[in-house]
Amino acid sequence: MGSEGEVVSRELSKMSDEDLLACSKEELVRRLRKEETDKISALIQRGRLIKEVNKQLQGHLLEIRELKTINQRLQEENVELRDLCCFLDDDRLKVKKLAREWQLFGHHAAKVMREDLGGYLKKLADLERMQDGLVKENLDLKELCLVLEEECVSRSDSSPGGSSELNLPCMVARDLGDGSSSTGSVGSPDQLHLVCSPED
């Protein structure tokens with residue numbers, strides 16, 4: 001009986017022919033039913049697992065499709081960004097070249113302006129010196145005219161009748177000094193009368 005219980009507790013697939021012959025028909029039927037039930041349960045569980053795996057596989061396939069779509073969009077954006085970078089790099093090179101040309105032009109223009117400014121300042125200094133000389137010369141001439149005029153007046157006062165020889169230097173000084181006499185000859189009686197006559 002002990003050996004028969006051990007035989008019954010084992011699975012039929014693992015039992016030898018001698019052990020199977022040692023079992024009764026009822027026990028064999030019971031074992032067959034139990035194993036059939038276990039196999040059906042295993043098949044059902046396997047079907048559930050397969051269904052769950054298929055469900056997860058479908059989810060993974062959907063994620064793969066979405067990732068492919070995202071990857072395609074990212075590749076297109078990458079191409080657009082690459083083209084934009086190339087365009088911006090070309091534009092940067094053009095701007096850099098233009099800036100270098102403007103820099104060279106600015107240096108050249110500044111050099112020319114410095115040279116022109118130096119020439120203008122030199123000319124201005126020369127003109128200022130000439131102006132100072134002319135002002136000094138004009139002052140000297142004015143002083144000379146005043147001296148000659150005073151001398152002419154003093155001679156006129158000393159000789160009331162007045163002679164043409166005495167009045168002549170006065171007229172010459174007026175002509176050469178301030179330019180007040182612009183018509184007539186130096187020794188004309190009209191000019192002598194107008195300038196040096198004591199009657200004036």
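Predicted model only: the values in this text are computed from it and were never measured.
Contacts of Asp89 classified as salt bridge (charged side-chain N to carboxylate O under 4.0 Å, His left out), with partners at least two apart in sequence or in another chain: Arg92. A search for side-chain contact (heavy atoms from CB on, under 4.5 Å) contacts involving Gln45 returns Arg48, Leu49, not counting sequence neighbours. Remark: Asn54 pairs with Ile50 by the side-chain contact (heavy atoms from CB on, under 4.5 Å) rule, at least two apart or across chains. By the side-chain hydrogen bond (donor to acceptor under 3.5 Å, both in side chains) test, Glu151 is found to be paired with Arg155, residues two or more places apart in sequence or in another chain being considered. Checked against salt bridge (charged side-chain N to carboxylate O under 4.0 Å, His left out), Arg46 has no partners two or more places apart in sequence or in another chain. Qualifying side-chain contact (heavy atoms from CB on, under 4.5 Å) partners for Glu128, counting only residues two or more places apart in sequence or in other chains: Leu124. Under the rule for a salt bridge (charged side-chain N to carboxylate O under 4.0 Å, His left out), the partners of Lys34 that lie at least two apart in sequence or sit in another chain are Asp38. Checked against side-chain contact (heavy atoms from CB on, under 4.5 Å), Leu43 has no partners two or more places apart in sequence or in another chain.
With side-chain heavy atoms closer than 4.5 Å counting as contact, directly or through intermediates, the hydrophobic cluster containing Leu121 also holds Leu117. With a 4.5 Å cut-off between side-chain heavy atoms of Ile, Leu, Val, Met, Phe, Trp and Tyr, the cluster of Val112 takes in none.
Residues Glu36 and Lys39 fail the side-chain proximity criterion, which asks for heavy atoms closer than 4.5 Å. Put simply, the side chain of Val153 does not reach to within 4.5 Å of the side chain of Glu150, judged on heavy atoms.
Within 6.0 Å of CD in Gln131 there are 12 or fewer heavy atoms belonging to other residues, nucleotides or ligands.
To the nearest 0.5 Å, atom CD of residue Glu137 and atom CG of residue Leu139 are 10.5 Å apart. In this structure, CD in Glu63 is found 10.5 Å from CD in Gln56, a value given to the nearest 0.5 Å. Atom SG of Cys145 and atom CG of Leu141 lie 6.5 Å apart (nearest 0.5 Å).
A salt bridge is defined here as a Lys NZ or Arg NE, NH1 or NH2 lying under 4.0 Å from an Asp or Glu carboxylate O, and Lys55 with Glu52 fails to meet this definition.
Listed by first then second residue, pairs satisfying ring-ring contact (aromatic ring centres under 6.0 Å, His included) with a partner in residues 89-130 read Trp102-Phe105, not counting sequence neighbours.
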**OP:** Could you give me the CA-CA distance, side-chain angles and deciding distance for Lys94 and Lys97, then say whether side chain to side chain contact (heavy atoms under 4.5 Å, CB included) is met?
**Re:** CA-CA 5 Å; Lys94 292 179 181 178; Lys97 181 179 179 182; 5.7 Å; no
Name every donor-acceptor pair, under 3.5 Å, that has one atom in a side chain of residues 66-87 and the other anywhere in the protein, sequence neighbours excluded.
{"residue": "Thr69", "atom": "OG1", "partner": "Arg65", "partner atom": "O", "Å": "3.0"}

